[in-house]
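Okay, so here's the structure we're looking at.
In listed order, ligands and their atoms are each counted from 1. Note that the structure is a prediction, hence the values are computed from the model and not measured.
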Amino acid sequence: LIDFDGKIVNLALMKLSTYYKSKGYEVVLNPMSPSGLAKVHCSVLFEKNREKADKLRSLFPKIEFGGTGWDLTTTLPPEIEECRPDYDLYQAEDIYRRLSGIMTKEKKWEKANTIVNAGIGFTTRGCVRTNCGFCVVPQKEGSLRHVAEIAELINPRSNVLILLDNNLTADKNCIEKLREIRDRGLVVDITQGIDIRTMTPEIAKALSEVKHLRSIHYAWDQMPSESSVLRGIDTLSRFIRKGKHLCFTLVGFNTTFEEDMHRFRTLTALGVDPYVMVYSKKAVKRGKAAKAQMSFEDIQRRHFSRWVNGRIYKVTEFDRYSNWVKDRDAFLGGDSQMELGLVA
Ligand code: SF4
């Protein structure tokens with residue numbers, strides 16, 4: 001089984017592992033050679049990695065691909081989908097190697113151990129929404145439907161639950177599920193975030209009574225949802241202080257740079273941490289040649305996401321952020337400072 005680009009454990013591969021082990025096969029994660037392999041399955045999560053993953057065919061001629069980054073039609077057969085995940089497939093080292101971000105070695109090991117020992121799964125698939133043009137869930141999974149109980153997702157090795165539901169807060173059973181999580185003493189990571197636009201005082205209260213593994217996160221992806229997002233933040237913050245929120249903002253899909261900056265400024269003024277997600281279906285290439293092919297907007301977005309996500313905005317304004325200024329001036333040529341109004 002090849003986990004091509006996952007950051008945490010991969011549920012589909014864990015189910016495949018259980019299935020093949022039940023048939024008497026030995027299962028290997030991320031093999032280095034095709035020798036002795038009867039079958040090879042590879043999961044690709046991000047479309048930008050598809051081309052690179054496809055090159056594995058030369059090493060593993062029998063390889064079969066799946067995952068959202070590969071296509072939206074390949075699904076697990078029902079007899080595999082029904083399997084419980086194999087919690088022995090991943091070791092902490094497998095996750096440790098893939099963790100990014102600034103943290104001490106100890107923190108990184110702690111995080112890797114938490115992830116491999118956690119229960120993981122979906123209680124619902126699909127979503128109630130159909131108008132998020134950048135999201136593959138409606139096309140891939142259809143409308144929201146129940147698939148499992150919270151109890152079925154628990155890993156006896158720990159009380160941490162990685163809940164993968166696409167839109168937990170739109171589920172009509174959301175409050176009951178949150179109460180069950182609370183009553184079972186679970187610590188939950190709602191990985192896909194909550195839909196802040198549908199926040200009610202009752203859901204906010206139920207969320208506040210649950211232990212969360214990390215910050216409560218939600219998204220403000222499109223400009224027309226501004227009022228519902230701000231209303232939702234207001235409701236949620238009556239029960240969970242804003243310092244514990246994190247708001248993802250999608251850039252590069254259908255917003256202008258001014259709108260991206262507006263969302264950043266609105267969120268920080270409210271005391272909510274923003275996190276920029278750059279929309280891209282292409283792999284980010286590095287180096288001078290790749291940079292030369294980028295548009296002004298691409299370069300600006302790349303620097304904007306670093307400026308926000310690296311918290312550089314706390315020490316300098318964007319138009320004074322040296323990496324951006326350097327690339328902007330190189331792109332625009334000598335007149336750029338005048339054009340952008342940086343000099344009188
Ligand atoms: S609410 Fe979230 S999961 Fe549902 S379609 Fe929009 S982005 Fe996708």
Side-chain angles (χ1 to χ4, degrees), residues 5-8 10-12 43-48 67-75 81 120-148 150 153 161-175 177-178 188-200 202-204 206-207 212 214-233 235-236 245-255 259-260 263 267 272-281 301 305 309:
D5 51 5
K7 291 273 181 260
I8 61 169
N10 182 304
L11 183 62
S43 166
V44 186
L45 295 184
F46 302 104
E47 198 180 335
K48 63 185 181 184
T68 306
W70 186 258
D71 64 29
L72 300 181
T73 49
T74 308
T75 51
E81 187 60 68
I120 184 166
F122 295 86
T123 64
T124 58
R125 298 306 291 248
C127 186
V128 290
R129 295 191 187 270
T130 53
N131 58 349
C132 308
F134 51 87
C135 177
V136 299
V137 168
Q139 194 190 339
K140 191 176 181 206
E141 299 186 12
S143 49
L144 193 91
R145 64 193 184 283
H146 175 85
V147 293
I150 293 286
L153 312 184
L161 172 63
I162 299 175
L163 194 57
L164 302 172
D165 292 33
N166 300 303
N167 198 335
L168 176 71
T169 42
D171 177 359
K172 65 178 171 28
N173 299 317
C174 168
I175 293 177
K177 286 179 184 174
L178 288 169
V188 72
D189 182 357
I190 305 168
T191 57
Q192 304 311 102
I194 53 171
D195 192 338
I196 195 74
R197 295 166 290 185
T198 51
M199 190 50 54
T200 64
E202 293 74 25
I203 295 176
L207 278 167
H212 296 269
R214 53 194 178 123
S215 51
I216 297 271
H217 52 278
Y218 44 80
W220 177 6
D221 292 320
Q222 309 194 69
M223 288 311 291
S225 43
E226 175 160 7
S227 56
S228 54
V229 167
L230 297 184
R231 210 170 31 246
I233 293 175
T235 306
L236 183 64
H245 302 202
L246 180 71
C247 184
F248 287 93
T249 56
L250 184 71
V251 305
F253 180 66
N254 64 0
T255 53
E259 288 169 336
D260 300 339
R263 286 179 293 164
L267 290 167
V272 172
D273 249 356
Y275 193 94
V276 170
M277 300 287 285
V278 181
Y279 179 79
S280 173
K281 291 190 162 197
R301 266 196 295 274
S305 78
N309 300 346

For ligand 1, which part of Ala219 has a heavy atom less than 4.0 Å away: the side chain, the backbone, both, or neither?
neither

With no hydrogens and no angle check, just 3.5 Å: does a side-chain donor-acceptor pair link Ser43 and Asn10?
yes

Distance-only polar pair, side chains of Thr169 and Asp195, donor-acceptor under 3.5 Å
no

Contact partition for Gln222 relative to ligand 1, non-hydrogen atoms under 4.0 Å
neither

Protein contact to atom 8 (Fe) of ligand 1 [nearest heavy atom, distance to 0.1 Å]
Cys135 SG, 2.3 Å

Less than 6.0 angstrom separating the ring centers of Phe134 and Phe253, yes or no?
yes

Mark up the atoms of ligand 1 that fall under 4.0 Å of a heavy atom belonging to Pro138, in ascending order.
5 (S)

Who's the nearest protein heavy-atom neighbour of atom 2 (Fe) of ligand 1, and how far?
Asn166 O, 4.4 Å

Atoms of ligand 1, numbered as shown, that sit under 4.0 Å from any heavy atom of Arg129
1 (S), 5 (S)

Under 4.0 Å from a heavy atom of Cys132: give me the atoms of ligand 1 that qualify, with their elements.
5 (S), 6 (Fe), 7 (S)

Ser215 and its side-chain contact (heavy atoms from CB on, under 4.5 Å) partner, picked from Asp273, Leu246, Val272:
Leu246

Which atoms of ligand 1 sit under 4.0 Å from any heavy atom of Arg197?
1 (S)

Search all heavy atoms of Arg129 against all heavy atoms of Thr198 and return the closest pair with its distance.
NH2-CG2, 3.5 Å

One finds that the ligand 1 atoms under 4.0 Å from a non-hydrogen atom of Asn167 are 1 (S)

Numbered atoms of ligand 1 (with element) below 4.0 Å of Cys127, judged on heavy atoms
1 (S), 3 (S), 4 (Fe), 5 (S)

Please enumerate all residues that pass side-chain hydrogen bond (donor to acceptor under 3.5 Å, both in side chains) together with Thr68, with sequence neighbours excluded.
Lys140

Which of these passes side-chain contact (heavy atoms from CB on, under 4.5 Å) with Ile150: Asn173, Thr123, Leu178?
Thr123

